[in-house]
Amino acid sequence: QAQFVESGGGLVQPGGSLRLSCAASGFTLGYSIGWFRQAPGKEREGVSCISTRDGSTLYADFVKGRFTISRDNAKNMVYLQMNNLKPEDTAVYYCATGDYYGLLSDEYAYWGQGTQVTVSS
């Protein structure tokens, strides 16, 4: 059965770090894997994406210099290392894949169920 699962979320203090993982099994990944986030009552926004073919990456301006996306194609895994976390980073974080390279969530075809990240003192 196809699975696309995020893990690694939790509660962290401002300035702390978390590493999110996205594991895919039972299906072939699309051209890109993206990380997105959504806070309650707010619009889903793109965070970062990485090409499964050549490793090219994109980052939203609000995470540049703090977050790093990486991949392991052989294991069908993608990671998001999040450093210097801020309260405004609090959201449910989702991974997604599709035949699209960019940060527009509507262009991605398959989504995980998300992992909660809470940044608070």
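In what follows, every heavy atom counts, from backbone to side chain, and hydrogens, waters and symmetry copies are set aside. These numbers come from a predicted model, not from an experiment.
- Judged by the 6.0 Å and 45° rule, Arg71 forms no cation-pi pair with Tyr79.
- For the pair Lys64 and Asp61, the salt-bridge criterion is met [side-chain N within less than 4.0 Å of a carboxylate O].
- What you find for Ala91 and Ala39 is that their closest heavy atoms are CB-N, 3.9 Å.
- The ring-ring contact (aromatic ring centres under 6.0 Å, His included) search around Tyr93 returns none, not counting sequence neighbours.
- Thr97 places a side-chain N or O within 3.5 Å of a backbone atom of Ser32 that can act as its donor or acceptor partner.
- Counted within 6.0 Å of CG on Asp54, heavy atoms from surrounding residues, nucleotides or ligands total more than 12; the atom is thus considered enclosed.
- Going from atom OG of Ser70 over to atom CD1 of Ile50 covers 6.5 Å, rounded to the nearest 0.5 Å.
- Remark: the backbone N or O of Tyr100 is not paired with any side-chain donor or acceptor of Glu107 at under 3.5 angstrom.
- Side-chain contact between Pro14 and Ser121 is present, with at least one heavy-atom pair separated by less than 4.5 Å.
- Residues Tyr59 and Ile69 have side chains in contact (heavy-atom distance under 4.5 Å, counting atoms from C-beta outward).
- Rounded to the nearest 0.5 Å, atoms CD (Gln81) and CG (Leu18) are 8.5 Å apart.
- Each of Tyr110, Trp111, Tyr94 was scored for a ring-ring contact (aromatic ring centres under 6.0 Å, His included) with Phe4, with one residue passing: Tyr110.
- When all heavy atoms are compared, the tightest approach of Ala60 to Gly46 is CB-O, 3.4 Å.
- Counting only N and O atoms by type, the side chains of Ser17 and Asn83 include a donor and acceptor under 3.5 Å apart.
- For the pair Arg53 and Tyr31, the cation does not sit on the ring face, since its NZ or CZ is not both under 6.0 Å from the ring centre and inside 45° of the axis.
- Interatomic distance, Gln38 CD to Ser105 OG, rounded to the nearest 0.5 Å: 8.0 Å.
- For the pair Asn76 (side chain) and Ser25 (backbone), a donor-acceptor distance under 3.5 Å is absent.
- Judged by distance alone, the side chain of Gln13 and the main-chain N or O of Val119 form no donor-acceptor pair under 3.5 Å.
- No chain of hydrophobic side-chain contacts below 4.5 Å, direct or via other Ile, Leu, Val, Met, Phe, Trp or Tyr residues, connects Val5 to Val47.
- In this structure, Thr90 and Gln116 have side chains that are in contact, with non-hydrogen atoms separated by less than 4.5 Å.
- Using modelled atom types, one side-chain atom of Glu6 and one backbone atom of Cys95 make a donor-acceptor pair closer than 3.5 Å.
- Val78 and Met82 fall within the same hydrophobic cluster, defined by Ile, Leu, Val, Met, Phe, Trp and Tyr side-chain heavy atoms under 4.5 Å apart, directly or through other members.
- Interatomic distance, CZ of Arg37 versus CD of Glu45, reported as 4.5 Å (0.5 Å rounding).
- Distance check: Ser21 OG to Lys75 NZ gives 10.5 Å after rounding to the nearest 0.5 Å.
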Using side-chain contact (heavy atoms from CB on, under 4.5 Å), reason through Phe67 and Trp35 one step at a time and then give a plain yes or no. CA-CA 11 Å; Phe67 292 8; Trp35 284 100; over 6 Å; no
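- Using a 4.5 Å heavy-atom threshold, the side chains of Leu11 and Val117 count as separate.
- Looking only at side-chain heavy atoms (C-beta outward), Val92 and Gln113 stay at 4.5 Å or farther from each other.
- Of the possible polar contacts, none joining the Thr57 side chain to the Ser51 backbone as a donor-acceptor pair under 3.5 Å is found.
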Between Thr68 and Leu80, is a side-chain contact (heavy atoms from CB on, under 4.5 Å) present by the stated rule, with each step listed? CA-CA 6 Å; Thr68 303; Leu80 186 68; over 6 Å; no
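- Distance alone, capped at 3.5 Å, places no donor-acceptor pair between the Thr115 side chain and the Ser7 backbone.
- Heavy atoms from other residues, nucleotides or ligands lying under 6.0 Å from CD of Glu88 number more than 12.
- The hydrophobic cluster containing Ile33 does not contain Tyr101, counting ILVMFWY residues as joined when their side-chain heavy atoms lie under 4.5 angstrom apart, directly or transitively.
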